[in-house]
Chemist: 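This structure is in structure tokens; I'll ask about it shortly.
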Amino acid sequence: MGYAVVLGEALIDLQEAEQAGEVVYRQAIGGAPLNVAVGATRLGGEVQYVGSLSDDVLGDRIAGFLTERGVGTAGVKRVPVPTTLAVTTFVGAEPTFTFYGEPPSYAVLGPADVDTATIGGADVLYTGSICLLREPFRAAARAAWAVPGPLRVFDPNARPTLLPDGAAVTHLRELSEEFFATADLVKLSAADAEVLYDGATPEQAAERIRGLGAKAVVVTWGSKGAFVSVAEGTVMLPAPQVDAIDATGAGDSVMGALVRRLLADGLPKDLEGWQRAVRFALAVAGLVCERRGGAVAMPTNEEVTARWGAL
């Protein structure tokens, strides 16, 4: 089994909570790509994280967190920019995010900072999320994506309100489709599908994305499960029944679990193989939803097996 490279943002989440009848904000390390890196590592995969971290105390905490959880940090660039904060509020278990920090500490990574030998030696390359909305990170991601060798996996994690000009969805869709066209796997949420394709259903979005060239598309759909579309067919897989208290990082845990399975088994050869991989990923996400905290909620293989049995 080889290793994966995860390219993207890491930041600090300030998560809304209630304490003694008052609203407080609990600090947590987050960012979708960081969650993916930690999720895949916790499940036994080897991951190298590539991104920019502030040189402030919060950046030190993020770097230490990655190291403590076994994620490789040789590709991290430290920058003299305050760590970006994401204030997280909830409606039920579902989080919404408001970002603070300009320029964003996670986007100060350029093409010259990307080690192409590390990328080319990987079995899996992941990128996506809000970091792609900014230069020079976008150019760095394009440079990494062009390196031959690894399986390419992408998650748009659509956040159109973060575009500097506020404009939006058209630009975000065009940017995402650039990566969709050559992806081996695209994972997105049903909410992403609605944003990118004017209210499209998971089935409609998956058909369009595969039509652009993606080999496989997995659309997560909250408590409903996930829709899977590959050349051999499509299937809707139900999510396991859980008592969800916090969905932060659940979609990222699906991607982390799929990255882990790609490292172990390579690209599934048929729809049945994809169903096995996605069922495992949904089981991982179910555990995450029963915990608080995003990255710190990512389970180990042993915890997944103890909860759901062998998958």
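Remember, it's a predicted structure, so these values are computed and weren't measured experimentally.
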Chemist: Quick one: does R291's side chain have a donor or acceptor within less than 3.5 Å of a partner on A297's backbone?
Modeler: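 It does hold such a pair.
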
Chemist: So, E303 and R307, do they make that salt bridge, N to O below 4.0 Å?
Modeler: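 Judged by the 4.0 Å cut-off on N to carboxylate O distance, E303 and R307 do not form a salt bridge.
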
Chemist: Got a list of side-chain donor-acceptor pairs under 3.5 Å for residues 11-31, not counting sequence neighbours?
Modeler:
from	atom 1	to	atom 2	distance (Å)
Q15	OE1	R26	NH2	2.6
Q27	OE1	R61	NH1	2.9

Chemist: Side-chain donor-acceptor contacts of residues 122-131 below 3.5 Å, not counting sequence neighbours, with atom names and distances?
Modeler:
from	atom 1	to	atom 2	distance (Å)
D123	OD2	G2	N	3.2
T127	OG1	L7	O	3.2
S129	OG	E9	OE2	2.6
S129	OG	N157	ND2	2.7

Chemist: Begin with the C-alpha distance, continue with both residues' side-chain angles, and end with the deciding distance and a verdict on side chain to side chain contact (heavy atoms under 4.5 Å, CB included) for E46 and L263.
Modeler: CA-CA 8 Å; E46 181 181 347; L263 286 174; 5.7 Å; no

Chemist: Is any NZ, NE, NH1 or NH2 atom of the basic residue among E232 and K269 found under 4.0 Å from an Asp or Glu carboxylate oxygen of the other?
Modeler: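 Salt bridge between E232 and K269, a charged N being under 4.0 Å from a carboxylate O: no.
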
Chemist: Determine whether a donor-acceptor pair (N or O, by modelled atom type, separation under 3.5 Å) exists between the side chain of W221 and the backbone of A226.
Modeler: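 Pair absent, no side-chain N/O of W221 close to backbone of A226.
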
Chemist: Have a look at L66 and tell me which of V47, V38, T41 forms a side-chain contact (heavy atoms from CB on, under 4.5 Å) with it.
Modeler: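 Single pass found, and it is V38.
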
Chemist: When you measure from the centre of the six-membered ring of Y197, is the NZ or CZ of R208 closer than 6.0 Å and no more than 45° off the axis?
Modeler: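 Negative - R208 is either too far from the ring of Y197 or too far off its axis.
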
Chemist: Hey, what's the ring geometry for F154 with F179, parallel, tilted or perpendicular (30° and 60° as the breaks)?
Modeler: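 Parallel.
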
Chemist: Measure the shortest side-chain to side-chain distance between V218 and V186 over non-hydrogen atoms and say whether it is less than 4.5 angstrom.
Modeler: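 No, side chains not in contact.
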
Chemist: Applying the salt bridge (Lys or Arg N to Asp or Glu O under 4.0 Å) test to R78, which of D55, D60, D56 qualifies?
Modeler: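 Checked D55, D60, D56 against R78; only one passes salt bridge (Lys or Arg N to Asp or Glu O under 4.0 Å): D60.
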
Chemist: Within the 4.5 Å heavy-atom criterion, are F280 and L43 side-chain neighbours or not?
Modeler: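 Touching, per the 4.5 Å side-chain cut-off.
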
Chemist: Verify, without hydrogens or angle tests, whether R138 (side chain) and L132 (backbone) share a donor-acceptor contact under 3.5 angstrom.
Modeler: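 It does hold such a pair.
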
Chemist: Any side-chain heavy atom of T67 within less than 4.5 Å of one from T73?
Modeler: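 With C-beta onward as the side chain, the pair touches.
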
Chemist: Check L196, L172, I209 against P156 for a side-chain contact (heavy atoms from CB on, under 4.5 Å) and give me the one that passes.
Modeler: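 It is L196, the one option of L196, L172, I209 that forms the side-chain contact (heavy atoms from CB on, under 4.5 Å) with P156.
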
